[in-house]
Novice: 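Please read through the structure below; I'll follow up with questions.
By convention in this document, chain letters (A, B, ...) are assigned in the order of the sequence lines, proteins followed by strands, and residues within each chain are numbered from 1. Every value quoted in this text rests on a predicted model; they were computed, and no experiment measured them.
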Number of protein chains: 2
Amino acid sequence: MRRTKKERQQLLISTINDNPFITDEELAEKFQVSVQTIRLDRLELSIPELRERIKTVAEKRFDDEVRSLPIEEVIGEIIDIELDQSAISIFDVKEEHVFQRNKIARGHHVFAQANSLAVALINDELALTAKANIHFNRSVKLNERVIAKARVIKIDENALRTYVEVTSFVNNELVFTGNFEMYRSKNH
Amino acid sequence: MRRTKKERQQLLISTINDNPFITDEELAEKFQVSVQTIRLDRLELSIPELRERIKTVAEKRFDDEVRSLPIEEVIGEIIDIELDQSAISIFDVKEEHVFQRNKIARGHHVFAQANSLAVALINDELALTAKANIHFNRSVKLNERVIAKARVIKIDENALRTYVEVTSFVNNELVFTGNFEMYRSKNH
DNA sequence: CGAAATCTTATGACTAGGTACTAAGAGTAG
DNA sequence: CTACTCTTAGTACCTAGTCATAAGATTTCG
C-alpha cells in the first residue's frame, strides 16, 4: 500500500470534490491502484459515478437559472396605499435575494421594492419609470425586513410626470432613498 | 409524416433547448418517430448527444463559479467581461418580466441587469451599489433583447469607490442609461 | 508462526445512451 | 417509372460505469 486506505479515501473525496469530471480510470492512475479499488472506495463513500456527478452539477445550474429568472410581479407586500399620495410596503429578505458569499441583499431587490411601490402608487394604467436617483445608505442583510414608504412629491400635469420619493427602512434605520420621476399616460 | 421534417427539427431544437436532459428515446416518443430519425435529425442539426449536452451545462456552471461572481447572481447573461474595465450582458425580455396589460418590461428588471453587470464588473469579493442615477429612455417590450454595456469611468482608491456607466440598447436604440457609484472592500 | 480478517485486484455479465455504418422500405416529385 | 428524399431497422462498437464472485496480497492478532 502506497498510502493507507483511509488516506486514499480522504484524498479521493477532495479530489472528486474539486473536479467532479474525473473518471475512475484517471483516479486509479492518480492513486496508483486498480480501477476496482477506486470503485470499492466510491461505493464505501457513497460517491456516485461520473455521469451522475456531472448530471447533478448540470441540474443544479438549471435550477438556479429557473429560480433566478422571475422577480415576482410586485416586490414586497403593499400594506397601505392612498393613490397619488402615499404607500407603504414590506419586503422580507430571503436566501434567494442575497449574495451567497456575504448574505447581503442584492441592490436590485431593494430597488425593485421601491420602484414597484412607486409604480403602484400612480393612479394610472400605464405608469413607467422615467428616471431615478437612488442611494443605498447601508446594506440590507438576510432575514431583515425592509419597509418602504413612498410619497408623491409633485404632479406635473402637462409633462405627464409624477415625482415620487421612496425611503426604505430596516428597524427605523434608513437603508435606501430614491427619487423617481414617473411617466403616466393620462392627465390626472 | 405527422409533421414535415423541417417542422420537427425546429421543434426538436427548441425542445432540447429548454430541456437538455431529454433522451433520444423520449424525443422519439414525443414526436412519434423512430429513435433513428431523431439521431439523424441531431446529426443534421449538429446537436450533441445527451451526455455531451449535460456535460456542457455542467462545465458552464463550473467555469462560471470560478469567475468572480456566480452566474445565478447575475440578471442577464454576461457575454464579455474585462474586470475593472468593461462588460456586456444580454437579457431577453420574457412574459414574467412585463406588465400584463401592456407587455412593457418592468423598470426594475432593466435596472437589475445593469446593476448586476456593474457588480460583476468590479474585481472584488464585496461589491455593493452605493448610489445610482438612472434614466429610462424608452420602454422595453416583450421579446426584445436588451444589450447592456458597462464601462468603468473612474476608480477612487481612497474612497473605495468605482464609478460605472451602463448603457442598455435594444437594436442599437438606447433604452437605459445608469451611472453607478459602487463600493468595493479592498484597494485595487 | 499461522489462521483470520482486511484489502486489493481480476473477471464476467449486464446497463444506458449513445456513434457509425449498411440496408431496405415508403412516399413523393419530375 | 425512375430518382430522390425520408424513415426505419439492424449490427457492431464505445464509454463509464454496476453488480457479483473469486482469488491473491497484506496485515493483524492470538
Novice: Would you jot down, in residue-number order, the residues of residues 36-45 of chain B having a non-hydrogen atom under 4.0 Å from DNA chain D?
Specialist: B/Gln36, B/Thr37, B/Leu40
Novice: Atom NZ of B/Lys55 to atom C1' of C/dG17: distance rounded to whole Å?
Specialist: 15 Å
Novice: At a heavy-atom distance below 4.0 Å, what parts of residues 15-27 of chain B sit against DNA chain C?
Specialist: B/Thr23, B/Asp24
Novice: Hey, what's the ring geometry for A/Phe176 with A/Phe111, parallel, tilted or perpendicular (30° and 60° as the breaks)?
Specialist: perpendicular
Novice: With no hydrogens and no angle check, just 3.5 Å: does a side-chain donor-acceptor pair link B/Thr23 and B/Glu26?
Specialist: yes
Novice: Can you name the residues that form a salt bridge (Lys or Arg N to Asp or Glu O under 4.0 Å) with B/Lys103, not counting sequence neighbours?
Specialist: B/Glu95
Novice: Which of the following nucleotides, C/dT19, D/dA16, C/dA10, is nearest to the side chain of A/Ser34?
Specialist: C/dA10
Novice: Using whole Å, what does the distance between atom C1' of nucleotide C/dG18 and atom CD1 of B/Ile47 come to?
Specialist: 15 Å
Novice: Between D/dT15 atom P and A/Leu50 atom CG, what is the distance in whole Å?
Specialist: 13 Å
Novice: Once you round it to whole Å, what is the distance between C1' of D/dC4 and NZ of B/Lys5?
Specialist: 12 Å
Novice: May I ask you to say whether A/Lys6 pairs ionically with A/Asp41, meaning some side-chain N is under 4.0 Å from a carboxylate O?
Specialist: no
Novice: Can B/Glu165 and B/Lys149 be counted as an ion pair, charged N to O under 4.0 angstrom?
Specialist: no
Novice: Are the side chain of A/Arg53 and the backbone N or O of A/Pro48 linked by a donor-acceptor pair below 3.5 Å?
Specialist: yes
Novice: Rounded to the nearest angstrom, tell me the gap between atom CZ in B/Phe31 and atom P in D/dC6.
Specialist: 17 Å
Novice: At less than 3.5 Å, do the side-chain atoms of B/Arg51 and the base atoms of C/dA16 form a donor-acceptor pair?
Specialist: yes
Novice: For A/Ile54 and C/dG17, what is the distance between atoms CD1 and C1' respectively, to the nearest whole Å?
Specialist: 14 Å
Novice: From CD of B/Gln32 over to C1' of D/dT7, roughly how many Å is that when rounded to an integer?
Specialist: 14 Å
Novice: Checking A/Arg138 now: which residues fulfil salt bridge (Lys or Arg N to Asp or Glu O under 4.0 Å) with it, not counting sequence neighbours?
Specialist: A/Glu144, A/Glu173
Novice: Quick check on D/dC6: is either OP1 or OP2 less than 4.0 Å from any side-chain nitrogen or oxygen of B/Arg8?
Specialist: no
Novice: Only counting residues at least two apart or in another chain, list the ones meeting side chain to side chain donor-acceptor pair (under 3.5 Å) with A/Arg39.
Specialist: A/Asp24
Novice: How long is the line joining CD of A/Glu52 and C1' of D/dT15, in whole Å?
Specialist: 15 Å
Novice: With sequence neighbours left out, write down each residue that passes side chain to side chain contact (heavy atoms under 4.5 Å, CB included) with A/Thr177, or none if nothing qualifies.
Specialist: A/His135, A/Asn137, A/Thr167, A/Leu174
